[in-house]
Amino acid sequence: MNNKNFDDRSTNKMCEMISLAILLLVLGSPCSAAFSWKTENKIKTAVHLSPKIEIGPGSVSNKNYYDIDFPRGHVALKGFTAEVVDEAGNSVPLHETYLHHWALIRYRQSKSKLATHASYDPHRVLHVSDSISESGVVRNSGICQGNVLGQYYGIGSETRGTNTDIPDPFGLEIGNPEEGYEEKWMLNIHAIDTRGVEDKLGCTECRCDLYNVTVNEFGKPLPPDYIGGLNCCYHETQCRLKKGFQAPKRSLYLRYTVKWMDWDEYVVPVKIYIIDVTDTLKISDTSSITSSDHDCRVEYEVDPCNTDTKKGNDCLDVKRTRLPFPKGGYVVYGVAHQHSAGIGATLYGQDGRVICTSMANYGTGDEAGNEAGYIVGMTTCYPKPGSVKIIDGEKLTLESNYSSSTRSHTGVMGLFYLLVAEQLPHQHYFTHSSSFFRNRNINNVFN
(Lines give C-alpha, C1' and ligand atoms only; values in the text may rest on other atoms or scores of the structure.)
Protein backbone atom coordinates (compact mmCIF):
# COMPACT_ATOMS: atom_id res chain seq x y z
CA MET A 1 0.00 0.00 0.00
CA ASN A 2 1.23 3.48 -0.82
CA ASN A 3 1.92 5.13 2.52
CA LYS A 4 1.37 8.60 1.09
CA ASN A 5 -2.15 7.75 -0.14
CA PHE A 6 -2.94 6.10 3.18
CA ASP A 7 -1.76 9.18 5.05
CA ASP A 8 -3.84 11.45 2.79
CA ARG A 9 -6.99 9.41 3.41
CA SER A 10 -6.32 9.39 7.12
CA THR A 11 -5.73 13.11 7.12
CA ASN A 12 -8.97 13.77 5.16
CA LYS A 13 -11.00 11.57 7.49
CA MET A 14 -9.47 13.29 10.51
CA CYS A 15 -10.38 16.69 9.04
CA GLU A 16 -13.97 15.53 8.52
CA MET A 17 -14.16 14.33 12.11
CA ILE A 18 -12.79 17.61 13.44
CA SER A 19 -15.16 19.68 11.26
CA LEU A 20 -18.12 17.61 12.38
CA ALA A 21 -17.09 17.87 16.03
CA ILE A 22 -16.79 21.65 15.75
CA LEU A 23 -20.22 21.87 14.13
CA LEU A 24 -21.79 19.70 16.82
CA LEU A 25 -20.12 21.76 19.52
CA VAL A 26 -21.36 25.04 18.06
CA LEU A 27 -24.90 23.82 17.50
CA GLY A 28 -25.10 22.35 20.98
CA SER A 29 -23.65 25.32 22.77
CA PRO A 30 -25.62 28.14 24.45
CA CYS A 31 -24.38 30.54 21.78
CA SER A 32 -25.70 28.44 18.88
CA ALA A 33 -28.66 30.79 18.35
CA ALA A 34 -26.32 33.72 18.08
CA PHE A 35 -24.15 31.71 15.67
CA SER A 36 -26.74 31.24 12.96
CA TRP A 37 -30.17 32.54 13.80
CA LYS A 38 -30.01 36.11 14.99
CA THR A 39 -32.95 37.74 13.20
CA GLU A 40 -33.42 41.05 14.98
CA ASN A 41 -31.93 42.93 12.06
CA LYS A 42 -33.46 40.68 9.41
CA ILE A 43 -37.14 40.90 10.34
CA LYS A 44 -39.15 43.39 8.31
CA THR A 45 -42.46 44.90 9.41
CA ALA A 46 -45.23 46.50 7.39
CA VAL A 47 -48.57 47.97 8.49
CA HIS A 48 -51.50 47.98 6.06
CA LEU A 49 -55.18 48.87 6.02
CA SER A 50 -57.90 46.68 4.58
CA PRO A 51 -60.39 48.19 2.14
CA LYS A 52 -63.01 50.38 3.81
CA ILE A 53 -65.70 48.65 5.87
CA GLU A 54 -68.92 50.70 5.95
CA ILE A 55 -71.14 49.70 8.81
CA GLY A 56 -74.10 51.14 10.74
CA PRO A 57 -75.77 50.39 14.08
CA GLY A 58 -76.79 46.73 14.27
CA SER A 59 -75.47 45.89 10.82
CA VAL A 60 -73.07 43.14 9.79
CA SER A 61 -70.19 43.22 7.34
CA ASN A 62 -68.74 39.85 6.30
CA LYS A 63 -66.65 40.16 3.15
CA ASN A 64 -63.70 38.52 1.45
CA TYR A 65 -61.06 41.02 0.32
CA TYR A 66 -58.80 39.62 -2.40
CA ASP A 67 -55.23 40.45 -3.39
CA ILE A 68 -54.48 42.46 -0.27
CA ASP A 69 -51.15 44.17 0.39
CA PHE A 70 -48.75 41.48 1.51
CA PRO A 71 -45.02 40.66 1.36
CA ARG A 72 -43.87 39.32 -1.99
CA GLY A 73 -41.09 36.92 -2.79
CA HIS A 74 -39.79 33.80 -1.07
CA VAL A 75 -40.04 34.74 2.60
CA ALA A 76 -40.69 33.40 6.10
CA LEU A 77 -43.70 34.78 7.95
CA LYS A 78 -42.83 35.68 11.55
CA GLY A 79 -46.07 37.23 12.80
CA PHE A 80 -49.45 38.72 11.88
CA THR A 81 -51.67 40.90 14.06
CA ALA A 82 -54.79 42.96 13.35
CA GLU A 83 -57.37 45.28 14.91
CA VAL A 84 -60.34 47.40 13.85
CA VAL A 85 -59.67 51.15 13.58
CA ASP A 86 -61.65 54.21 12.47
CA GLU A 87 -60.74 56.69 9.75
CA ALA A 88 -58.50 58.60 12.15
CA GLY A 89 -56.61 55.43 13.02
CA ASN A 90 -58.11 55.14 16.50
CA SER A 91 -58.72 51.66 17.92
CA VAL A 92 -62.44 50.81 17.97
CA PRO A 93 -63.63 49.02 21.14
CA LEU A 94 -65.45 45.71 20.91
CA HIS A 95 -68.58 47.08 22.59
CA GLU A 96 -69.02 49.35 19.56
CA THR A 97 -67.89 47.06 16.74
CA TYR A 98 -67.44 43.40 17.59
CA LEU A 99 -64.76 41.65 15.56
CA HIS A 100 -66.33 38.22 15.24
CA HIS A 101 -63.31 36.97 13.34
CA TRP A 102 -60.79 37.69 10.65
CA ALA A 103 -59.04 35.02 8.59
CA LEU A 104 -55.99 35.26 6.34
CA ILE A 105 -56.23 32.94 3.33
CA ARG A 106 -53.40 32.09 0.94
CA TYR A 107 -54.32 31.38 -2.66
CA ARG A 108 -52.65 31.10 -6.01
CA GLN A 109 -53.66 32.43 -9.40
CA SER A 110 -52.66 31.38 -12.88
CA LYS A 111 -50.55 33.97 -14.69
CA SER A 112 -52.14 32.96 -17.98
CA LYS A 113 -55.62 34.06 -16.94
CA LEU A 114 -56.30 36.78 -14.45
CA ALA A 115 -59.27 36.34 -12.14
CA THR A 116 -62.34 38.45 -12.83
CA HIS A 117 -63.74 38.70 -9.31
CA ALA A 118 -63.94 42.05 -7.57
CA SER A 119 -61.57 43.14 -4.82
CA TYR A 120 -64.16 41.89 -2.35
CA ASP A 121 -66.81 39.24 -2.68
CA PRO A 122 -68.89 37.85 0.19
CA HIS A 123 -69.93 34.70 -1.67
CA ARG A 124 -67.05 33.59 -3.89
CA VAL A 125 -65.46 30.30 -2.83
CA LEU A 126 -61.97 29.40 -4.02
CA HIS A 127 -61.32 25.75 -4.77
CA VAL A 128 -58.52 23.61 -3.42
CA SER A 129 -55.33 24.14 -5.36
CA ASP A 130 -54.35 21.44 -7.82
CA SER A 131 -52.28 21.10 -10.97
CA ILE A 132 -55.05 22.15 -13.35
CA SER A 133 -56.95 24.84 -11.42
CA GLU A 134 -56.51 28.45 -12.47
CA SER A 135 -56.83 29.69 -8.94
CA GLY A 136 -57.22 27.93 -5.63
CA VAL A 137 -56.71 28.00 -1.94
CA VAL A 138 -53.33 26.91 -0.66
CA ARG A 139 -54.65 25.71 2.65
CA ASN A 140 -52.79 24.93 5.86
CA SER A 141 -51.74 21.38 6.72
CA GLY A 142 -55.08 20.33 8.19
CA ILE A 143 -56.87 18.73 9.64
CA CYS A 144 -60.44 19.60 8.60
CA GLN A 145 -62.11 18.53 5.37
CA GLY A 146 -61.77 20.48 2.12
CA ASN A 147 -61.10 24.18 2.65
CA VAL A 148 -62.81 24.30 6.05
CA LEU A 149 -60.58 26.20 8.50
CA GLY A 150 -57.83 26.36 5.90
CA GLN A 151 -56.56 29.80 6.93
CA TYR A 152 -52.97 30.65 7.82
CA TYR A 153 -53.94 33.11 10.56
CA GLY A 154 -57.32 33.88 12.02
CA ILE A 155 -58.75 34.95 15.37
CA GLY A 156 -61.42 37.32 16.65
CA SER A 157 -62.09 39.59 19.60
CA GLU A 158 -58.87 38.41 21.29
CA THR A 159 -56.68 39.69 18.47
CA ARG A 160 -55.15 42.68 20.32
CA GLY A 161 -54.04 40.62 23.30
CA THR A 162 -52.84 37.38 21.71
CA ASN A 163 -49.23 36.82 20.73
CA THR A 164 -48.82 35.38 17.22
CA ASP A 165 -45.05 35.79 16.80
CA ILE A 166 -43.15 32.74 15.57
CA PRO A 167 -39.97 32.19 17.59
CA ASP A 168 -36.53 31.90 16.04
CA PRO A 169 -35.30 30.04 14.12
CA PHE A 170 -38.74 28.96 12.89
CA GLY A 171 -40.90 30.49 10.16
CA LEU A 172 -43.82 29.89 7.80
CA GLU A 173 -42.48 29.45 4.28
CA ILE A 174 -44.47 31.34 1.64
CA GLY A 175 -43.97 32.99 -1.73
CA ASN A 176 -42.58 30.05 -3.64
CA PRO A 177 -45.46 29.07 -5.97
CA GLU A 178 -45.27 26.58 -8.80
CA GLU A 179 -44.15 27.90 -12.17
CA GLY A 180 -46.95 29.72 -13.98
CA TYR A 181 -48.74 30.85 -10.82
CA GLU A 182 -48.77 33.93 -8.63
CA GLU A 183 -49.30 33.81 -4.89
CA LYS A 184 -51.91 36.15 -3.42
CA TRP A 185 -53.68 36.66 -0.10
CA MET A 186 -57.29 37.22 0.92
CA LEU A 187 -58.77 38.59 4.14
CA ASN A 188 -62.17 37.55 5.40
CA ILE A 189 -63.42 40.13 7.91
CA HIS A 190 -66.60 39.58 9.93
CA ALA A 191 -67.61 42.63 11.98
CA ILE A 192 -70.85 43.43 13.84
CA ASP A 193 -71.79 46.98 14.82
CA THR A 194 -73.44 46.65 18.24
CA ARG A 195 -74.14 50.33 18.89
CA GLY A 196 -77.69 50.71 20.14
CA VAL A 197 -78.71 47.06 19.90
CA GLU A 198 -81.17 45.49 22.33
CA ASP A 199 -78.87 42.61 23.33
CA LYS A 200 -75.13 43.00 22.66
CA LEU A 201 -74.25 39.44 23.65
CA GLY A 202 -77.13 38.04 21.62
CA CYS A 203 -76.03 40.00 18.56
CA THR A 204 -72.40 38.87 18.86
CA GLU A 205 -73.61 35.27 19.31
CA CYS A 206 -75.68 35.69 16.13
CA ARG A 207 -79.02 34.66 17.63
CA CYS A 208 -81.45 34.22 14.76
CA ASP A 209 -84.44 35.85 16.48
CA LEU A 210 -82.51 39.09 16.98
CA TYR A 211 -81.61 39.15 13.30
CA ASN A 212 -85.10 38.07 12.18
CA VAL A 213 -83.48 35.45 9.98
CA THR A 214 -85.05 32.14 8.92
CA VAL A 215 -82.92 31.36 5.83
CA ASN A 216 -79.16 31.27 5.30
CA GLU A 217 -77.22 33.60 2.98
CA PHE A 218 -78.06 31.36 0.01
CA GLY A 219 -81.80 31.46 0.72
CA LYS A 220 -82.12 27.94 2.13
CA PRO A 221 -84.37 27.51 5.20
CA LEU A 222 -82.59 27.00 8.49
CA PRO A 223 -83.30 23.87 10.57
CA PRO A 224 -85.97 24.44 13.24
CA ASP A 225 -83.47 23.72 16.04
CA TYR A 226 -80.88 26.18 14.72
CA ILE A 227 -81.21 29.18 17.04
CA GLY A 228 -77.98 31.03 16.38
CA GLY A 229 -74.61 31.08 14.66
CA LEU A 230 -72.90 32.13 11.45
CA ASN A 231 -75.95 31.29 9.33
CA CYS A 232 -77.88 34.12 11.01
CA CYS A 233 -75.34 36.97 10.92
CA TYR A 234 -74.09 36.96 7.35
CA HIS A 235 -73.27 40.01 5.26
CA GLU A 236 -75.81 42.88 5.44
CA THR A 237 -78.06 41.26 8.06
CA GLN A 238 -79.34 43.55 10.82
CA CYS A 239 -79.50 42.94 14.56
CA ARG A 240 -82.49 44.45 16.38
CA LEU A 241 -81.95 47.97 17.73
CA LYS A 242 -83.44 49.68 20.76
CA LYS A 243 -86.55 51.58 19.81
CA GLY A 244 -85.73 55.02 18.47
CA PHE A 245 -81.95 54.58 18.43
CA GLN A 246 -80.15 56.38 15.62
CA ALA A 247 -76.48 56.86 14.80
CA PRO A 248 -74.56 57.46 11.58
CA LYS A 249 -72.75 54.83 9.58
CA ARG A 250 -69.01 54.55 10.16
CA SER A 251 -66.07 53.85 7.89
CA LEU A 252 -63.74 51.36 9.55
CA TYR A 253 -60.68 49.36 8.56
CA LEU A 254 -58.80 46.30 9.67
CA ARG A 255 -55.29 47.50 10.37
CA TYR A 256 -52.93 44.57 10.07
CA THR A 257 -49.23 44.24 10.79
CA VAL A 258 -47.09 41.66 9.01
CA LYS A 259 -43.65 40.51 10.12
CA TRP A 260 -41.40 38.53 7.79
CA MET A 261 -37.84 37.89 6.71
CA ASP A 262 -36.20 36.63 3.54
CA TRP A 263 -36.11 32.86 3.38
CA ASP A 264 -32.75 31.18 3.87
CA GLU A 265 -31.39 27.78 4.82
CA TYR A 266 -31.26 28.68 8.51
CA VAL A 267 -35.04 29.15 8.83
CA VAL A 268 -36.69 26.00 10.13
CA PRO A 269 -40.10 25.57 8.44
CA VAL A 270 -43.25 25.00 10.48
CA LYS A 271 -46.66 23.74 9.44
CA ILE A 272 -50.04 25.05 10.59
CA TYR A 273 -52.67 22.71 11.97
CA ILE A 274 -56.13 23.72 13.21
CA ILE A 275 -58.10 21.27 15.33
CA ASP A 276 -61.85 21.79 15.78
CA VAL A 277 -63.65 20.42 18.83
CA THR A 278 -66.78 19.91 16.69
CA ASP A 279 -64.97 17.49 14.37
CA THR A 280 -67.00 14.28 14.39
CA LEU A 281 -64.49 11.96 12.73
CA LYS A 282 -65.11 8.45 14.03
CA ILE A 283 -61.95 6.47 14.72
CA SER A 284 -60.88 3.29 16.46
CA ASP A 285 -57.54 2.28 17.90
CA THR A 286 -56.73 0.35 14.72
CA SER A 287 -58.15 2.72 12.11
CA SER A 288 -55.96 4.51 9.61
CA ILE A 289 -55.89 8.27 9.16
CA THR A 290 -58.51 9.33 6.62
CA SER A 291 -58.65 13.13 6.51
CA SER A 292 -61.50 13.08 3.99
CA ASP A 293 -63.74 11.70 6.73
CA HIS A 294 -63.31 14.72 9.00
CA ASP A 295 -66.46 16.74 9.61
CA CYS A 296 -65.58 20.06 11.23
CA ARG A 297 -68.74 22.02 11.98
CA VAL A 298 -66.75 25.06 13.22
CA GLU A 299 -69.36 26.23 15.75
CA TYR A 300 -71.64 24.72 18.35
CA GLU A 301 -74.15 25.61 21.07
CA VAL A 302 -73.65 25.70 24.84
CA ASP A 303 -76.81 24.68 26.69
CA PRO A 304 -77.98 26.51 29.83
CA CYS A 305 -76.65 25.20 33.12
CA ASN A 306 -78.52 22.41 34.85
CA THR A 307 -77.88 20.15 37.84
CA ASP A 308 -76.04 17.61 35.69
CA THR A 309 -73.43 20.07 34.43
CA LYS A 310 -73.06 22.18 37.56
CA LYS A 311 -69.77 21.72 39.41
CA GLY A 312 -69.59 23.44 42.78
CA ASN A 313 -70.72 27.02 42.31
CA ASP A 314 -69.83 27.07 38.63
CA CYS A 315 -71.71 25.93 35.56
CA LEU A 316 -69.27 24.29 33.16
CA ASP A 317 -69.86 23.04 29.63
CA VAL A 318 -67.15 20.63 28.48
CA LYS A 319 -66.88 19.49 24.88
CA ARG A 320 -64.28 16.98 23.70
CA THR A 321 -63.12 15.33 20.51
CA ARG A 322 -60.42 12.73 19.86
CA LEU A 323 -58.61 12.80 16.54
CA PRO A 324 -55.51 11.32 14.90
CA PHE A 325 -52.76 13.82 14.10
CA PRO A 326 -51.67 13.24 10.50
CA LYS A 327 -47.97 14.05 10.64
CA GLY A 328 -45.89 14.24 13.78
CA GLY A 329 -43.30 16.78 14.80
CA TYR A 330 -42.28 19.23 17.50
CA VAL A 331 -44.78 21.79 18.81
CA VAL A 332 -43.46 25.34 18.40
CA TYR A 333 -46.61 27.33 19.24
CA GLY A 334 -50.17 26.71 20.38
CA VAL A 335 -53.26 28.82 21.07
CA ALA A 336 -57.02 28.31 21.31
CA HIS A 337 -59.83 30.40 19.84
CA GLN A 338 -63.08 30.80 21.77
CA HIS A 339 -65.99 33.22 22.03
CA SER A 340 -67.57 35.04 24.97
CA ALA A 341 -68.19 32.69 27.93
CA GLY A 342 -65.16 30.65 26.90
CA ILE A 343 -62.85 29.66 29.74
CA GLY A 344 -60.06 27.95 27.87
CA ALA A 345 -59.06 24.80 26.02
CA THR A 346 -56.49 22.05 26.47
CA LEU A 347 -54.93 19.70 23.95
CA TYR A 348 -53.87 16.30 25.34
CA GLY A 349 -51.59 13.65 23.89
CA GLN A 350 -52.62 10.03 23.50
CA ASP A 351 -51.01 9.21 26.86
CA GLY A 352 -52.86 12.01 28.65
CA ARG A 353 -49.96 14.45 28.78
CA VAL A 354 -50.80 18.13 28.29
CA ILE A 355 -49.53 19.41 24.96
CA CYS A 356 -50.86 22.94 25.47
CA THR A 357 -53.43 24.78 27.59
CA SER A 358 -54.73 28.13 26.35
CA MET A 359 -56.87 30.24 28.70
CA ALA A 360 -59.20 33.16 27.95
CA ASN A 361 -58.41 36.61 29.34
CA TYR A 362 -61.34 39.02 29.85
CA GLY A 363 -61.27 42.80 29.88
CA THR A 364 -62.20 44.93 32.87
CA GLY A 365 -62.78 48.40 31.41
CA ASP A 366 -64.16 50.37 28.48
CA GLU A 367 -61.04 51.14 26.43
CA ALA A 368 -60.07 49.19 23.32
CA GLY A 369 -58.08 46.12 24.30
CA ASN A 370 -59.61 45.93 27.78
CA GLU A 371 -63.34 45.73 27.15
CA ALA A 372 -65.26 44.29 30.09
CA GLY A 373 -67.15 41.08 29.32
CA TYR A 374 -65.17 40.31 26.16
CA ILE A 375 -62.31 37.92 25.54
CA VAL A 376 -59.41 40.29 24.88
CA GLY A 377 -56.62 37.73 24.71
CA MET A 378 -55.76 34.04 24.82
CA THR A 379 -52.70 32.67 26.54
CA THR A 380 -50.23 30.91 24.27
CA CYS A 381 -47.75 28.04 24.47
CA TYR A 382 -44.12 28.42 23.40
CA PRO A 383 -42.53 25.14 24.52
CA LYS A 384 -38.78 24.77 24.55
CA PRO A 385 -37.84 23.34 21.12
CA GLY A 386 -37.88 19.57 21.28
CA SER A 387 -39.72 19.35 24.61
CA VAL A 388 -43.20 18.64 23.18
CA LYS A 389 -43.38 16.05 20.43
CA ILE A 390 -46.38 14.56 18.63
CA ILE A 391 -45.83 11.28 16.79
CA ASP A 392 -47.29 10.35 13.41
CA GLY A 393 -50.93 9.31 13.79
CA GLU A 394 -51.04 10.04 17.51
CA LYS A 395 -54.62 10.37 18.75
CA LEU A 396 -55.04 13.76 20.41
CA THR A 397 -57.89 14.91 22.62
CA LEU A 398 -59.12 18.50 22.47
CA GLU A 399 -61.20 19.77 25.38
CA SER A 400 -63.03 23.11 25.15
CA ASN A 401 -64.55 24.61 28.30
CA TYR A 402 -67.30 27.24 28.45
CA SER A 403 -69.15 28.82 31.32
CA SER A 404 -72.90 28.26 31.04
CA SER A 405 -75.66 30.10 32.87
CA THR A 406 -79.42 30.45 32.67
CA ARG A 407 -79.10 31.31 28.95
CA SER A 408 -77.61 29.30 26.15
CA HIS A 409 -74.65 30.48 24.06
CA THR A 410 -74.90 30.11 20.31
CA GLY A 411 -72.30 30.08 17.58
CA VAL A 412 -69.41 29.40 19.98
CA MET A 413 -66.13 27.92 18.78
CA GLY A 414 -63.46 25.65 20.18
CA LEU A 415 -60.48 25.74 17.84
CA PHE A 416 -56.85 25.00 18.55
CA TYR A 417 -54.01 26.35 16.38
CA LEU A 418 -50.67 24.53 16.36
CA LEU A 419 -47.38 25.30 14.66
CA VAL A 420 -45.37 22.09 14.26
CA ALA A 421 -41.80 21.65 13.00
CA GLU A 422 -40.91 18.29 11.52
CA GLN A 423 -37.26 18.86 12.42
CA LEU A 424 -35.42 20.56 15.24
CA PRO A 425 -32.93 23.29 14.32
CA HIS A 426 -29.83 21.09 14.45
CA GLN A 427 -31.59 18.38 12.39
CA HIS A 428 -32.68 20.93 9.83
CA TYR A 429 -29.20 22.39 9.64
CA PHE A 430 -27.63 19.03 8.90
CA THR A 431 -30.25 18.38 6.23
CA HIS A 432 -29.75 21.75 4.54
CA SER A 433 -26.07 22.46 5.23
CA SER A 434 -23.27 22.43 2.68
CA SER A 435 -22.80 19.57 0.24
CA PHE A 436 -19.79 18.55 2.32
CA PHE A 437 -22.11 17.11 4.97
CA ARG A 438 -25.09 16.32 2.73
CA ASN A 439 -23.06 14.01 0.52
CA ARG A 440 -21.41 12.05 3.33
CA ASN A 441 -22.63 9.27 5.53
CA ILE A 442 -21.75 10.60 8.97
CA ASN A 443 -21.23 7.04 10.23
CA ASN A 444 -18.47 6.57 7.65
CA VAL A 445 -16.55 9.49 9.11
CA PHE A 446 -15.88 7.41 12.17
CA ASN A 447 -15.05 4.16 10.34
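Given the structure is predicted, the values throughout are model-derived calculations rather than measurements.
Val331 places none of its side-chain heavy atoms less than 4.5 Å from the side chain of Cys381. Taking the side chain as every heavy atom from C-beta outward, Thr397 and Thr321 never approach each other to under 4.5 Å. Proximity of Tyr348 to Arg353: side-chain heavy atoms (C-beta onward) are nowhere separated by under 4.5 Å. The shortest side-chain heavy-atom distance between Tyr253 and Val84 does not fall under the 4.5 Å cut-off. Within the 4.5 Å cutoff, side-chain heavy atoms of His190 are placed close to those of Leu230. Under the 4.5 Å side-chain criterion, counting only non-hydrogen atoms from C-beta, Tyr226 is in contact with Cys208. In this structure, Leu347 and Val354 have side chains that are not in contact, with every pair of non-hydrogen atoms separated by 4.5 Å or more. By the 4.5 Å heavy-atom criterion applied to side chains, Thr162 and Thr380 are counted as neighbours.
Residue Asn216 places its CG atom among more than 12 non-hydrogen atoms of other residues, nucleotides or ligands, all under 6.0 Å distant. Counting non-hydrogen atoms of neighbouring residues, nucleotides and ligands closer than 6.0 angstrom, the NZ atom of Lys389 reaches no more than 12 such neighbours. By the 6.0 Å contact criterion, CZ on Arg72 is enclosed, its count of non-hydrogen atoms from other residues, nucleotides or ligands being greater than 12.
The CD atom of Gln338 sits 8.0 Å away from the CD1 atom of Ile343 when rounded to the nearest 0.5 Å. Between His409 atom NE2 and Asp303 atom CG the span is 10.5 Å, to the nearest 0.5 Å. Annotation: the span from Tyr382 atom OH to Ile166 atom CD1 amounts to 8.0 Å, rounded to 0.5 Å. Here the straight-line distance linking atom CG of Leu415 with atom CD1 of Ile274 works out to 7.0 Å at 0.5 Å rounding. Atom OG1 in Thr81 sits 9.5 Å away from atom CG in Asn163 (nearest 0.5 Å). If you take CH2 on Trp263 and CG on Leu77, they are separated by 10.0 Å, rounding to the nearest 0.5 Å.
Considering only residues two or more places apart in sequence or on other chains, Pro224 meets the side chain to side chain contact (heavy atoms under 4.5 Å, CB included) condition with none of them. Every residue two or more places apart in sequence or in another chain that forms a ring pair (Phe, Tyr, Trp, His ring centres under 6.0 Å) with Trp185 is listed here: Phe70, Tyr152. Remark: Tyr256 pairs with His48, Phe80 by the ring pair (Phe, Tyr, Trp, His ring centres under 6.0 Å) rule, at least two apart or across chains. Qualifying ring pair (Phe, Tyr, Trp, His ring centres under 6.0 Å) partners for His339, counting only residues two or more places apart in sequence or in other chains: His100, His337. Applying the side-chain hydrogen bond (donor to acceptor under 3.5 Å, both in side chains) criterion to Asp165, with sequence neighbours excluded, gives Lys259.
Of all heavy-atom pairs spanning Asp67 and Tyr107, the tightest one is N-OH, 3.2 Å. Here the closest heavy-atom approach between residue Ala360 and residue Met378 is recorded as CA-SD, 3.5 Å. Ile227 approaches Glu301 most closely through the heavy-atom pair CD1-OE2, 3.2 Å. Scanning all heavy atoms of the two residues, the minimum distance from Gln151 to Ile272 falls at O-CG2, 4.4 Å. Pro269 and His428 make their closest contact through CD-CE1, 3.6 Å (heavy atoms, listed as atom of the first residue, atom of the second, distance). Closest non-hydrogen pair, Met261 versus Ile43, comes out as CB-CA, 4.3 Å.
Using bins of under 30°, 30° to 60° and over 60° for the plane-to-plane angle, the ring pair Phe325/Tyr273 lands in the tilted bin.
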Inset, instruction - Evaluate the side chain to side chain donor-acceptor pair (under 3.5 Å) criterion for residues Asp317 and Asn401: first the C-alpha distance (whole Å), next the side-chain angles of each, then the deciding distance (0.1 Å), finally the verdict. - result: CA-CA 6 Å; Asp317 180 273; Asn401 296 318; over 6 Å; no
Legend entry - Derivation and outcome, salt bridge (charged side-chain N to carboxylate O under 4.0 Å, His left out), residues Lys327 and Glu394: CA-CA 9 Å; Lys327 178 69 174 176; Glu394 181 174 356; over 6 Å; no
Legend entry - salt bridge (charged side-chain N to carboxylate O under 4.0 Å, His left out) between Arg297 and Asp295, worked out: CA-CA 6 Å; Arg297 301 298 180 91; Asp295 187 16; 2.9 Å; yes
Inset, instruction - Any chance you could lay out the salt bridge (charged side-chain N to carboxylate O under 4.0 Å, His left out) test for Glu83 and Arg255, step after step, and finish with the verdict? - result: CA-CA 5 Å; Glu83 68 164 336; Arg255 181 169 61 198; 2.6 Å; yes
Inset, instruction - Go through the steps for Cys296 and Asp279 under the test side-chain contact (heavy atoms from CB on, under 4.5 Å), then give the verdict. - result: CA-CA 4 Å; Cys296 299; Asp279 195 342; 3.5 Å; yes
Inset, instruction - Apply side-chain contact (heavy atoms from CB on, under 4.5 Å) to Ile68 and Lys184, showing your working. - result: CA-CA 8 Å; Ile68 63 169; Lys184 297 188 177 183; over 6 Å; no
Inset, instruction - Dump the intermediate steps for side-chain contact (heavy atoms from CB on, under 4.5 Å) on Leu99 and Leu254, then the final yes or no. - result: CA-CA 10 Å; Leu99 184 57; Leu254 190 74; 4.2 Å; yes
Inset, instruction - For side-chain contact (heavy atoms from CB on, under 4.5 Å), just list the numbers for Cys356 and Phe416, CA-CA rounded to whole Å, side-chain angles, deciding distance to a tenth of an Å, and then say yes or no. - result: CA-CA 9 Å; Cys356 177; Phe416 217 99; 3.6 Å; yes
Legend entry - Check against salt bridge (charged side-chain N to carboxylate O under 4.0 Å, His left out), Glu399 and Arg320: CA-CA 4 Å; Glu399 178 180 290; Arg320 297 184 184 90; 2.8 Å; yes
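Thr257 places no side-chain N or O within 3.5 Å of a backbone atom of Val47 that could act as its donor or acceptor partner. Judged by distance alone, with hydrogens and angles left aside, the side-chain atoms of Asn370 form a donor-acceptor pair with the main-chain N or O of Thr364 at under 3.5 Å. In this structure, the side chain of Asn140 engages the main chain of Leu149 through a donor-acceptor pair within 3.5 Å. In terms of modelled atom types and a separation under 3.5 Å, the side chain of Ser110 and the main chain of Tyr181 share no donor-acceptor contact. Side-chain atoms of Gln350 come within 3.5 Å of backbone atoms of Lys395 as a donor-acceptor pair (strictly under, hydrogens ignored).
A distance below 2.5 Å between sulfur gamma atoms is met by Cys239 and Cys203. At least 2.5 Å separates the SG atom of Cys206 from that of Cys232.
The only member of Thr164, Asp168, Thr45 that meets side-chain hydrogen bond (donor to acceptor under 3.5 Å, both in side chains) when paired with Lys78 is Asp168.
A salt bridge links Lys44 and Asp262; the closest N-O separation between the charged side-chain nitrogens and carboxylate oxygens is under 4.0 Å. Using a 4.0 Å cut-off between a side-chain N of Lys or Arg and a carboxylate O of Asp or Glu, Lys63 and Glu236 do not qualify as a salt bridge.
Not less than 6.0 angstrom separates the ring centroid of Tyr374 from the ring centroid of Tyr362.
Sorted by first and then second residue, the pairs that involve residues 412-428 and meet salt bridge (Lys or Arg N to Asp or Glu O under 4.0 Å), not counting sequence neighbours, are Lys271-Glu422.
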